[in-house]
Enquirer: 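Dropping a structure here in structure tokens format, bear with me for questions.
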Protein chains: 2
Amino acid sequence: MDVKTLCLGVLTEGDRTGYEIKQRFEEAFNHFFGAGFGSIYPALAELTRRGLVTCESVEQEKRPDKKVYSLTPAGRKALVDELVATPPRHKVRSEFLVLMYFAHLLPPERVAEITEQMVAHWRPVIEGIERCVLASDAAEIQPGMRFAAGFGRAVLGAAAAYVDQNRHDLVAAVAGRTPDEAALAAAE
Amino acid sequence: MDVKTLCLGVLTEGDRTGYEIKQRFEEAFNHFFGAGFGSIYPALAELTRRGLVTCESVEQEKRPDKKVYSLTPAGRKALVDELVATPPRHKVRSEFLVLMYFAHLLPPERVAEITEQMVAHWRPVIEGIERCVLASDAAEIQPGMRFAAGFGRAVLGAAAAYVDQNRHDLVAAVAGRTPDEAALAAAE
DNA sequence: ACCACCATGTAAACGGTTACATGATTAC
DNA sequence: GTAATCATGTAACCGTTTACATGGTGGT
């Protein structure tokens, strides 16, 4: 499964331009599948070439032409076939956790900074997920979309909570103090 | 940050062969950073070429020569420099969640099967994380390693719990029933 | 003035996955 | 006999990331 498949998926929700598809990626798939223009535009070109989407150019004043893509019946079939055949992988690649794993090689202040950054980073992502499920045209939201959103909220919430609750002890330990000593230091 | 950095990291724990490094990836980094032989062996070759590790061949009976890699002072410095400069990203790429998002396009039995598979998949991963932190030579385990393990346990535990608790409702909804109807169906 | 938004695309670089290639040992 | 473990490596392929290229509109 690649960006092409996700583009077909977005187009099941209605006709879209490449730009709009990118926005949809950020709204809906942000927490589990990333894609930039550099992968979306070539994907759309390839899907057009294969006849899985059609493309209609719309003239605009003072802007480049819009290209509105639509899913073809063949495209819908290709999407379903691919989804049915895709094994359910779930990969995490976390430079953050690598950094934490080797925290004893970093300055303690850096460890403190990184953990703070991550907690701050996840908060708006979780809010974005909730905003997406509470969107106005709630009738269009399928149960699986709620499921994916709930998953993101639960998992990122757990991540943020874990880091927030354990970062002080980690920084103290990396600074060569026991949690008790750190509590004393904090009490001064 | 790439596989090369992680190899340097593993070698801070002691001299290792490529094969042993791969095993260490599976024990310690499994839940946040994957790597196969196809990326580890070339990484080691490149690190040797750059003088960041040294390589000593050890003859073995009836097996290919072992190549034992050791971190050089330059390698340790390169590792620390890279860690300090690395922004703390945390990326998820989940074909599983894509499948869930588009669950309404799949046969309900397939949705049931996938969710079961995922719950079953995470259980041994969590056990592996716990085994790793409870290892015999516990003195060698740094606080950051415990932190990363605790994170994995918390987050994968939340993931497995969420899927396990919500999969029945999802399957019911995808099958075109309300949870109430599904409860009635289940009671028959 | 500057930044964000709208709008599309190309091309090189990078890095990881997968398949291939070899081959003995040990345990079920 | 079949699979797992030990042990190393190469090469093609694939897909993403990043940088580049262009340019008007609207808000602070």
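Quick note on labels: first sequence line is chain A, next is B, and so on, each numbered from 1.
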Enquirer: Output all residues satisfying salt bridge (charged side-chain N to carboxylate O under 4.0 Å, His left out) with A:E56, sequence neighbours left out; order by chain, then residue number.
Expert: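 A:E56 satisfies salt bridge (charged side-chain N to carboxylate O under 4.0 Å, His left out) with no other residue.
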
Enquirer: Does the side chain of B:Q60 get closer than 4.0 angstrom to OP1 or OP2 of D:dC6 through an N or O atom?
Expert: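 No, outside the criterion.
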
Enquirer: Report yes or no: does A:S57 contribute a side-chain atom to a donor-acceptor pair with the main-chain N or O of A:K67 at less than 3.5 Å?
Expert: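 No, the answer is negative, given that no donor and acceptor are paired below the 3.5 Å cut-off.
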
Enquirer: Kindly state each residue pair satisfying ring-ring contact (aromatic ring centres under 6.0 Å, His included) with at least one member in residues 52-90 of chain A, sequence neighbours excluded.
Expert: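 Non-adjacent pairs meeting ring-ring contact (aromatic ring centres under 6.0 Å, His included): A:H90-A:F151, A:H90-B:W122.
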
Enquirer: Strictly by salt bridge (charged side-chain N to carboxylate O under 4.0 Å, His left out), give each pair with a member in residues 117-135 of chain B just once, sequence neighbours left out.
Expert: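 Salt bridge (charged side-chain N to carboxylate O under 4.0 Å, His left out) check on residues 117-135 of chain B returns no pairs.
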
Enquirer: Rounded to whole angstroms, how far apart are CG on B:D65 and C1' on D:dC6?
Expert: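 Going from B:D65 (CG) to D:dC6 (C1'), I get 13 Å.
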
Enquirer: Whole-Å distance between C:dA4 P and A:K22 NZ?
Expert: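 After rounding, the gap between these two atoms is 14 Å.
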
Enquirer: Among residues two or more places apart or on two chains, list those pairs meeting side chain to side chain donor-acceptor pair (under 3.5 Å) that have a residue in residues 103-112 of chain B.
Expert: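 Qualifying pairs: B:R110-B:E113.
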
Enquirer: Which angle, rounded to 10°, do you find between the first-five-pair axis and the last-five-pair axis of the helix from C:dA1-D:dT28 to C:dC28-D:dG1?
Expert: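 About 50° separates the two local helix axes.
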
Enquirer: Starting at CZ of A:F25 and ending at C1' of D:dG15, how long is that distance when rounded to a whole Å?
Expert: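 Going from CZ in A:F25 over to C1' in D:dG15 covers 13 Å.
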
Enquirer: Filter on side chain to side chain donor-acceptor pair (under 3.5 Å), then keep only pairs touching residues 27-42 of chain B, sequence neighbours left out; what's left?
Expert: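 Listed once each, the pairs are B:R24-B:E27.
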
Enquirer: Looking at every non-hydrogen atom in both residues, tell me the closest pair between A:L156 and A:V125 and how far apart they are.
Expert: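 Where A:L156 meets A:V125 most closely, the heavy atoms are CD1-CG1, 3.5 Å.
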
Enquirer: Less than 4.0 angstrom between a side-chain N/O of A:Q23 and OP1 or OP2 of C:dC5, yes or no?
Expert: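 So the side-chain polar atoms of A:Q23 never come under 4.0 Å of the phosphate oxygens OP1 or OP2 of C:dC5.
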
Enquirer: Using a 4.0 Å cut-off on heavy atoms, which residues in residues 40-49 of chain B reach DNA chain C? List them by number, or say none.
Expert: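 Residues of residues 40-49 of chain B under 4.0 Å from DNA chain C: none.
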
Enquirer: So which protein N/O to nucleotides 16-20 of chain D N/O distances come out below 3.5 Å?
Expert:
residue : atom : partner : partner atom : Å
D:dT16  : OP1  : A:V3    : N            : 3.2
D:dT16  : OP1  : B:R93   : NH2          : 3.3

Enquirer: Please list all pairs passing the side chain to side chain donor-acceptor pair (under 3.5 Å) test where one or both residues lie in residues 148-166 of chain A, with sequence neighbours left out.
Expert: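 Counting only pairs at least two positions apart or across chains, the side chain to side chain donor-acceptor pair (under 3.5 Å) contacts touching residues 148-166 of chain A are A:D164-A:R167.
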
Enquirer: Could you give all pairs that pass the salt bridge (charged side-chain N to carboxylate O under 4.0 Å, His left out) test and reach residues 2-12 of chain A, with sequence neighbours left out?
Expert: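 Listed by first then second residue: A:D2-A:K4.
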
Enquirer: Round to the nearest Å and state the distance from A:E26 atom CD to C:dA4 atom C1'.
Expert: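 Result: 13 Å.
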
Enquirer: Using side chain to side chain contact (heavy atoms under 4.5 Å, CB included) as the criterion, list what pairs up with A:K66, not counting sequence neighbours.
Expert: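 Side chain to side chain contact (heavy atoms under 4.5 Å, CB included) list for A:K66, sorted by chain: A:T17, A:V58, A:Q60.
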
Enquirer: Please report, rounded to the nearest Å, how far the C1' atom of C:dC5 is from the NZ atom of A:K66.
Expert: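 Atom-to-atom, A:K66 to C:dC5, this comes out as 13 Å.
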
Enquirer: Return a table of donor-acceptor pairs under 3.5 angstrom between the side chains of residues 75-85 of chain B and protein atoms on other chains or two or more places apart.
Expert:
residue : atom : partner : partner atom : Å
B:K77   : NZ   : B:D81   : OD2          : 2.6

Enquirer: Measure from OH on A:Y19 to P on D:dG23 and round the result to the nearest Å.
Expert: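 Result: 18 Å.
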
Enquirer: To the nearest Å, how far apart are B:I21 CD1 and D:dC6 P?
Expert: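 The distance from CD1 of B:I21 to P of D:dC6 comes to 15 Å, rounded to the nearest Å.
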
